[in-house]
Structure formats: structure tokens, C-alpha cells
2 protein chains.
Amino acid sequence: MPQASETEVLVVSSQAIGGRLRRVTTAGAIYERLHANIVSLRMPPGMALQEKRIADDFGVSRTPVREALLRLSEGGLVDIYPQSGTVVSRVPVSAIPEAVVVRKALEGTTVEAAALLATAADIARLDAIIARQRSHAATGNASSFHEEDESFHEAIAQISGYPGIWVILKTVKVQIDRARRLTLPVLGRMDNVVHEHMIIRDALAAHDATAARDAMIHHLSAVIPDVDELRSRYPDYFC
Amino acid sequence: MPQASETEVLVVSSQAIGGRLRRVTTAGAIYERLHANIVSLRMPPGMALQEKRIADDFGVSRTPVREALLRLSEGGLVDIYPQSGTVVSRVPVSAIPEAVVVRKALEGTTVEAAALLATAADIARLDAIIARQRSHAATGNASSFHEEDESFHEAIAQISGYPGIWVILKTVKVQIDRARRLTLPVLGRMDNVVHEHMIIRDALAAHDATAARDAMIHHLSAVIPDVDELRSRYPDYFC
DNA sequence: TTTGGCATACTAGTATACCAGTTATCTCGC
DNA sequence: GCGAGATAACTGGTATACTAGTATGCCAAA
């Protein structure tokens, strides 16, 4: 019960957004916190949530909590049953193959475009990410590894000149990622990911769009979690 | 000022969702209403909105209005400036080429899959949509024409077995559609759309995935609005 | 006449109170 | 002992009240 002992102070600071100074709202901060907890499985699928309870834990009123939960429900991370209850959503197994298809279509596109546009500085940025990822793999730090994995794919989207596509991908990836969290600790898988990233990086550096797309699609095929196996191991987490 | 004289009664009925009876919430009803008004340009880009005003017009409190506006802001249809104001978002011109790229990638994928799976019944459904669309084109009913256009693309997503992709496409399409609303009355364009849809339909009926994809991508290229021209004609609507 | 600062009138963000369903439990009748 | 119905305790949905930022316009001083 992660939220049981939180009672944490929400530090709400300021942040520049699009040249306009925009205060980080309480609702936004709570959204970020809950989002992170759900993706990391600290709040596992099926966990019951209550607006009142969360509000008390964070020391705020129900209103911003409610807004955060509404946003999460749009992203499919929580299910709200009116007048009944709110739960962390089970991972919809049927959505996972579809999410992989979307990733292949969109990331195939971005990586092709990126291959044509990548500069030396871009490649250096990817190298830095891969280096950090390799060290996290060596120390078995799955959490940091995941963060750098996100960075790698996001960087490619930015290089491609289609940063908006990354926004879409983030919401699509999230269900895959929850399943992956259960399976990634498999020995050697992290090393494979690093290797696949390097192949993509090389294709980008060579400005070979076709090779880049092939490498990306192969990579995305390799990270499909074995849903059937997971489902039998964690029956409560899927639906 | 569409909302000036509305003061309309919100009829909140019930609706079955996923086998679970779920009351249509006030917030959801208001979201639908505002969404339709924005996409149809009855609420034009740049129009100032006020939670209080909308709440009074609909005869409800600010809370559900606020929730609706938050959802709209996530979809990029309104911009909320904290403590300052809320406006119907200008169409971000930079996002339009990106949206077209996303459509090509995703609809290219769905139409390929649909070509392999389409049944005779599916083709008949498409024929019915095309027939209705042709009659709307003949009478110049742009609004109904648009609705059937949506139906056509949605039907293909469903045939492909990837209904979730349509959900993504809807949010991506919306900015393109707002621009298209300004340009579609161009004579003959609607007839061309019908013709392009027929080519796609034929490819699906022939189970020719490659031809279907080519036809779809050609179709999506043809519906790109001429942003530069629109921008000079409606400077306030874009940013 | 221009410009700086301040008062004021707005906005959205948050807190609280109330309402209407849902669900689980407990009791009563069989 | 067991099942059906009443009921009480809980949920999220909505309304209202309050807080705190932001923009604007006025007035005074240069």
C-alpha cells in the first residue's frame, strides 16, 4: 500500500512553459506522482484507489486529486466506476499487440526521417544515452535503464523533426511498459536492448533510412513481452 | 458568440459501456458539446471562454465545465492560461504536416491489415458509406459529408482489427479537420474524395494490401489543406 | 503627453459541503 | 441453515465558497 505512509509534502514550484511562466499546478504534480507510481508498478494493477484517501495522503483536497485521476483514466491507467470505485487498471492484454503495431508504424517513420536528418551532434547524444544505458545494465539498475530507454526513443523522435509523435508514443507505450516491468529483469535482456540500440544508432549515423527502419522494427518485435506467460504468473494484473 | 443564447438543457441519459451500465456524466456531455462546437468552428480559434459563463449557459456548476475544458486542453483544442483565461486554441500550423505523417503511418497500417481481413459484409458496409457520402456531396451538405468521411476511415480501422488506432487518429485528425472546414467547400473536392474512397474500397475488396496502402497514402496527401493560403485568409485562426 | 505604479476587477485553482448512486452487510422470514 | 430484502456505509459526481494569481485601466508624477 504505497500511499499508506506517504503524507508527503507536495513541493509546487514554477516552471517556464513555451516562454510563458506557468505555475506547476497541484493537480499536475499529483498526476505525475501517481503516473510514476502506476508505471513502476508500485501501485499494481487492480489496486483500489479512493479520491479521499489520496487527498489526505498528499495533504490536499479532493479536487486536484480528482483532476489527476481523470487524466489518468483518459490514458487508460485507472478505471473509474462512477459511484462505485476507482482502481488501477489491469493491463489490457488485447491492447498490447495493437500498441506494438502502433509503435512499429510510428517509430518506423520517425527513425527513417531521423536517418536523413541526423547530425554528428545528434549521434553523439545517442552515444551518450547508450553509454549510460550500458552502465545501468551492468549494475542491474532496471529503473534507470528504463529512463534511458525512453530517452533514446524520444531523442530519435526529436531528431526526426516530429516531436509530437513522441507524445502519442508515450501514451501508447505505457501499457507495454507495465508488462515489461514484470519481465525485464530476465538476465541478458538489457544487454540485448543495448545492442539493438547500437545497430539503430549505426544506421542513423550512416544515413541509411531503410536499415534504420528494419533495425527499429526488429527491436520493437524483440521487446514484446510474453503476455501468456506473464498472465499465468500474475493473473490479477491482466484482463 | 454561440454560447450567448444557448441556455440549453443538458439531457443526461444512460448508456451501456462495456457491459457495465454507466451514467453519462454531465462533464462528459458538456465535453461532447464543446468538442463539436470547436471542430465545426462554431466556436472559432481564438475565441475567449470562461468557465463561469459556460456553466451559466448550460445551467450547471463550474465543476463539470472545468473537467470538460481540461479534457479539451489535453486534446489541444483549448489553451488554458492559469489565473488568466481560456481560449479556443489557434490551429498550430506546425502540427499539421506532422499530423498528416501520423495519419499516413497509422492508416497505411490499418488499411493493409484490412485488405487481408475484409469480408464481403465489410465491403458492403463501405459501399453504403460511400453511397451516402456521394449523395451528401451532390447536395453540398458538408457537415454530413464530414461525418461519413469519419465513418469510412473508422470502418477501415475496425476491419483491420485495430480499433484502438482509431482512437489515436481521432485526436490527431482534429486539427487537420478544423483547417479543412475552412477549405472543403471548394468545388469538386468532395467528389474527388468520394472517388479516392472508391479506389481504396476496390483495393480492399481485391485483398491487395499494397494497392490499398498506396491508395490511402495518396488520398491522405490529397486532403492536406493549403495552410499558407488559409493563413493569409484567416490570420487569426492559426499560430 | 508619456510613463510608471497601484487599485480593481477579472480569471482559474483549490477547498469544502452536499447529493445520488452502488455495494456489502445484517436482519428477518422461511 | 439459508436466501431475500432492507439498510447503512461507502463511493464518486456536482454545487458552492474561497484563494490567489493576472490583466487592465486609471491616476499621478515626470
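Letters go in sequence order (proteins before strands), and every chain restarts at 1. Model, not experiment: these values are computed from the prediction.
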Q: Report yes if a donor N or O on one partner sits less than 3.5 Å from an acceptor N or O on the other, where the partners are the side chain of A:Gln83 and the base of D:dG12; otherwise report no.
A: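 Yes.
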Q) Hey, does the side-chain of A:Thr63 have a donor or acceptor N/O within less than 3.5 Å of a partner on the base of C:dA15? A)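 Counting by modelled atom types and ignoring angles, a donor-acceptor contact under 3.5 Å is found here.
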Figure out the [atom1]/[atom2] separation between [X] and [N], and round it to whole Å.
X	N	atom1	atom2	answer
A:Arg53	D:dT11	CZ	P	10 Å
A:Asp79	D:dT11	CG	P	18 Å
B:Glu67	D:dG12	CD	C1'	10 Å
A:Glu51	C:dT16	CD	P	15 Å
A:Tyr81	D:dG13	OH	P	13 Å
B:Leu72	C:dA12	CG	P	14 Å
B:Arg66	D:dT16	CZ	P	17 Å
A:Arg62	C:dA15	CZ	P	12 Å

Q) Between A:Ser84 and D:dT11, does any side-chain N or O lie under 4.0 Å from OP1 or OP2? A)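 Answer no for this pair, as no side-chain N or O of A:Ser84 is under 4.0 Å from OP1 or OP2.
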**Q.** Under 4.0 angstrom between A:Thr25 side-chain N/O and C:dT14 OP1 or OP2
**A.**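 True: A:Thr25 side-chain N/O within range (under 4.0 Å) of C:dT14 OP1/OP2.
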Q: For the pair A:Asp177 and A:Arg181, find out whether any cationic side-chain nitrogen is under 4.0 Å from an anionic carboxylate oxygen.
A: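 Between A:Arg181 and A:Asp177 there is no salt bridge, as every charged N stays at least 4.0 Å from the carboxylate O atoms.
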Q: State which of C:dT14, C:dG13, D:dT16 makes the closest approach to the side chain of B:Ser61.
A: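 Of the candidates, D:dT16 comes closest.
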Q. So, A:Thr110 side chain and A:Ser160 main chain: donor-acceptor pair closer than 3.5 Å or not?
A.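 No, because the side chain of A:Thr110 does not come within donor-acceptor range (under 3.5 Å) of the backbone of A:Ser160.
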Q: Grab the two heavy atoms, one from B:Arg189 and one from B:Val223, that are nearest each other, plus how far apart they are.
A: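 Minimum heavy-atom contact is NH2-CG1, 3.2 Å.
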